[in-house]
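Here the structure comes first, spelled out in structure tokens, and everything after it is commentary.
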Number of protein chains: 2
Amino acid sequence: MASPTDKSAPRLRRKTDSVTMQDVARLAGCATSTVSLFLRKPDLVKGKTGAKITAAIERLGYVPNMMAGGLAAAAATRVVSLIVPSLRNAFFAATADALQAALAQAGVQLLLGHNEYDPAREEALVRASLAWSPAALVLTGLEHSRGTRQMALSRGTPVIEMWELGANPLDMLVGFDHRAVGAAAARHLRAAGCKNVAFIGARLQEDRRAAQRGSGVIAALQQEGASARQAIAPQPASVALGEALLGELLERDPKIDGVVCSNDWIALGVLFECQKRGIAVPERLKIIGFGDLPFAAATYPALSTIRPPGERIGQEVARLALAALNGETVAQKTVDVGFELVRRGTS
Amino acid sequence: MASPTDKSAPRLRRKTDSVTMQDVARLAGCATSTVSLFLRKPDLVKGKTGAKITAAIERLGYVPNMMAGGLAAAAATRVVSLIVPSLRNAFFAATADALQAALAQAGVQLLLGHNEYDPAREEALVRASLAWSPAALVLTGLEHSRGTRQMALSRGTPVIEMWELGANPLDMLVGFDHRAVGAAAARHLRAAGCKNVAFIGARLQEDRRAAQRGSGVIAALQQEGASARQAIAPQPASVALGEALLGELLERDPKIDGVVCSNDWIALGVLFECQKRGIAVPERLKIIGFGDLPFAAATYPALSTIRPPGERIGQEVARLALAALNGETVAQKTVDVGFELVRRGTS
DNA sequence: CCGCAAAATCGTAGCGCTACGATTCCGGGA
DNA sequence: TCCCGGAATCGTAGCGCTACGATTTTGCGG
């Protein structure tokens, strides 16, 4: 049988007008494969040819098409996908910022999504991300839906979880121990002389890391044989919530003289509430927050807090992602970036 | 001449093990093109076939390959590229957050980059972004390098600039008038009784929008025949900088009784400095900031400020981007999202 | 000068999907 | 029962690039 469709009328496909590698090759007087080679491994192409190619690229304003490249190479997709709970959260913004900066240097793009602490939405984002077969998938925390875990694992995509440390990571992990943060804060206040330390937290159901800090506080206090109070609320952390929760706490127990806050926003609210009530800080009440947000050093008195290395996390994640992209295997799959207690005026 | 390479040893290409549309088609007992059609326009496929395809997709855990799709379609790339100055800046974080949320609903991914207010880096990011032939390119502000303008324009990619209003946009524009913001703030303080209003600004060379707000303040004051003072510094806005600049200002002119700040961080510093110096706010000195950042409503007294609709910008940008993706042309290429003066305790 | 291995370069088969013309199916007059 | 037109499907040619074996140049010792 003759070829089924041999009518020589070539199909009319909206031939894109964009400059392709073929155009570059033609102008440079070489094969497309040489251009491709030059773009990926310049050393393997002779200087003169390389110069002609460079000139052609320059003259034509050629921009390689990543779609085509990604399709053909399948392995070396130069994208990394990042999923965080929220960008409005300064912690994740800092990490995303540092990650993007580090990736950009290596010519890798960042695909970004946020899930508002909703596992279902995370799953949807993971599914969508994987459609781009990223070189690495970066997730926040260790808690994911079954579907997420399965998708992330079944494909060969390297997965990096971050901002938390714990058992059973999917693959690579960059973070620090939030229980240790809580414990350190509690012990710090005790060492500073507090007899009645309390923990104030927000949104603990959804923000697992804040919950871990809280349980670290409680555990440390109990270990020292001290009483452990807490005031928690389901809504997102905010200054106003800090104000309200301190009020509630003092109502229940006026002897409170030390407060560990689940983050600096809460701590700022506590500090403001103290100002309003005329409670002397740190003499009468000591405060420690978490985050070392931009205002922490400037409040009056300056806020003691614990500084999480948000940027460092971004950098470490970038390092691991880039290693994965280059096919290298890292020896240390878990990176503990630690944290730092910053003692200032409120403690 | 016989075909040049007819040795029947088929080239060994790392055939990816992933599930392809072909697998789905085979399992569903139809052609790949039908699967593709179903995925894009379900109504054109009969219910029974659709059900079989859905089942097959489900059973195989099929995830479409966007690279391939993007290559084949060229038009309907489901990515939007966003470039902001910095993610650590809450304004842009809010916009990115809202934009991503709106795009995700339409199954569109966000490619993100930040350039730290550096036009050269912006150009590099634009070049890298275009390699993904995004459905739209979103840039911050109206000031771009020549290369950026050229690249953005020469390709057919729709461009959306944001967070600013002004002449000669590249294409679409979503923002508000920063000079008007400055003028509104200045007039507000004047109306509240201030005789000597000053502007405190940071990083005005790089942050064009802050500079516009400043010139709006000055212009409004001069228009009213009032004196116009200002204190500016090249470093990024921070609480500490606000404290320092208020000190400097009072040194030069103790009669200052109203301060317009280039943003809320500066304003917070001014407020703290007043507390330290025992200056009564708002009786002796009135303050107004910009941004309505999370702490603004909670300071004591609560900070008067101007609220920029950061999320609204993200939503409008998403609307325009989605329209562009669907090939629709929007009548109104420029969207003024306005702003809102929030009067609180400091004015 | 020749021969040969190493260095450069080339040619082409896909990567997985979509567009689009071609083909088949189906239901309702005539 | 046959015919016909619209509704469903199908088949296949690329999209632009990279991998990789094949081919051509080059450099140099003999």
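First the proteins, then the strands, lettered A, B, ... as listed; each starts at 1. Only a predicted model underlies this, so the values are computations on that prediction, with no experimental measurement involved.
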As a test of reading the structure: which of C:dT18, C:dT9, D:dG16 is closest to the side chain of A:L71, going by heavy atoms?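 Closest of the options to the side chain of A:L71: D:dG16.
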Output the single nucleotide from D:dG16, C:dA8, C:dC10 whose closest atom is nearest the side chain of A:K46. C:dA8
Would you find a donor on one side and an acceptor on the other, under 3.5 Å apart, between the side chain of A:R26 and the backbone of A:M21? no
For C:dA19, does OP1 or OP2 lie under 4.0 Å from any side-chain N or O of B:R40?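 Yes, because at least one side-chain N or O of B:R40 sits under 4.0 Å from OP1 or OP2 of C:dA19.
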Does C:dA8 have OP1 or OP2 sitting under 4.0 Å from an N or O in the side chain of A:T49?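 Indeed not, no polar side-chain atom of A:T49 lies that close.
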Do B:R40 and B:S36 have side-chain atoms, one donor and one acceptor, less than 3.5 Å apart?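 On atom types as modelled, these side chains qualify, holding a pair under 3.5 Å.
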Write down the distance between [atom1] ([X]) and [atom2] ([N]), rounded to a whole number of angstrom.
{"X": "A:K41", "N": "D:dT18", "atom1": "NZ", "atom2": "C1'", "value": "10 Å"}
{"X": "B:M21", "N": "D:dC15", "atom1": "CE", "atom2": "C1'", "value": "15 Å"}
{"X": "A:I53", "N": "C:dA8", "atom1": "CD1", "atom2": "P", "value": "13 Å"}
{"X": "B:L44", "N": "C:dC20", "atom1": "CG", "atom2": "P", "value": "14 Å"}
{"X": "B:K52", "N": "D:dT9", "atom1": "NZ", "atom2": "C1'", "value": "12 Å"}
{"X": "A:M66", "N": "D:dC15", "atom1": "CE", "atom2": "C1'", "value": "17 Å"}
{"X": "A:N65", "N": "D:dG14", "atom1": "CG", "atom2": "C1'", "value": "14 Å"}
{"X": "B:Q22", "N": "C:dT18", "atom1": "CD", "atom2": "P", "value": "13 Å"}

Here's a test of your reading of the structure: between A:L37 and B:T34, which maps to the more 5' nucleotide of DNA chain D?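 Nearest-nucleotide comparison on DNA chain D picks B:T34.
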Quick one: label A:Y62 by what it contacts on the DNA or RNA (base, sugar-phosphate, nothing), any heavy atom closer than 4.0 Å.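 Sugar-phosphate, backbone atoms only, no base.
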Taking the side chain as every heavy atom from C-beta outward, state whether B:T95 and B:V84 have any atom pair closer than 4.5 Å. no
Check the pair B:H144, B:E161 against side chain to side chain donor-acceptor pair (under 3.5 Å), reporting the backbone distance first and the verdict last. CA-CA 10 Å; B:H144 313 290; B:E161 289 163 292; 2.8 Å; yes
N/O donor-acceptor pair, side chain A:T20 with base D:dG16, under 3.5 angstrom: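 Flag unset: no donor-acceptor pair detected.
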Could you walk me through whether B:V79 and B:L110 pass side-chain contact (heavy atoms from CB on, under 4.5 Å), step by step? CA-CA 6 Å; B:V79 224; B:L110 217 215; over 6 Å; no
With nearest nucleotides of DNA chain C determined for A:S33 and B:A68 from heavy-atom distances, which residue corresponds to the more 5′ nucleotide?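 First, find each residue's nearest nucleotide; the 5'-ward one identifies A:S33.
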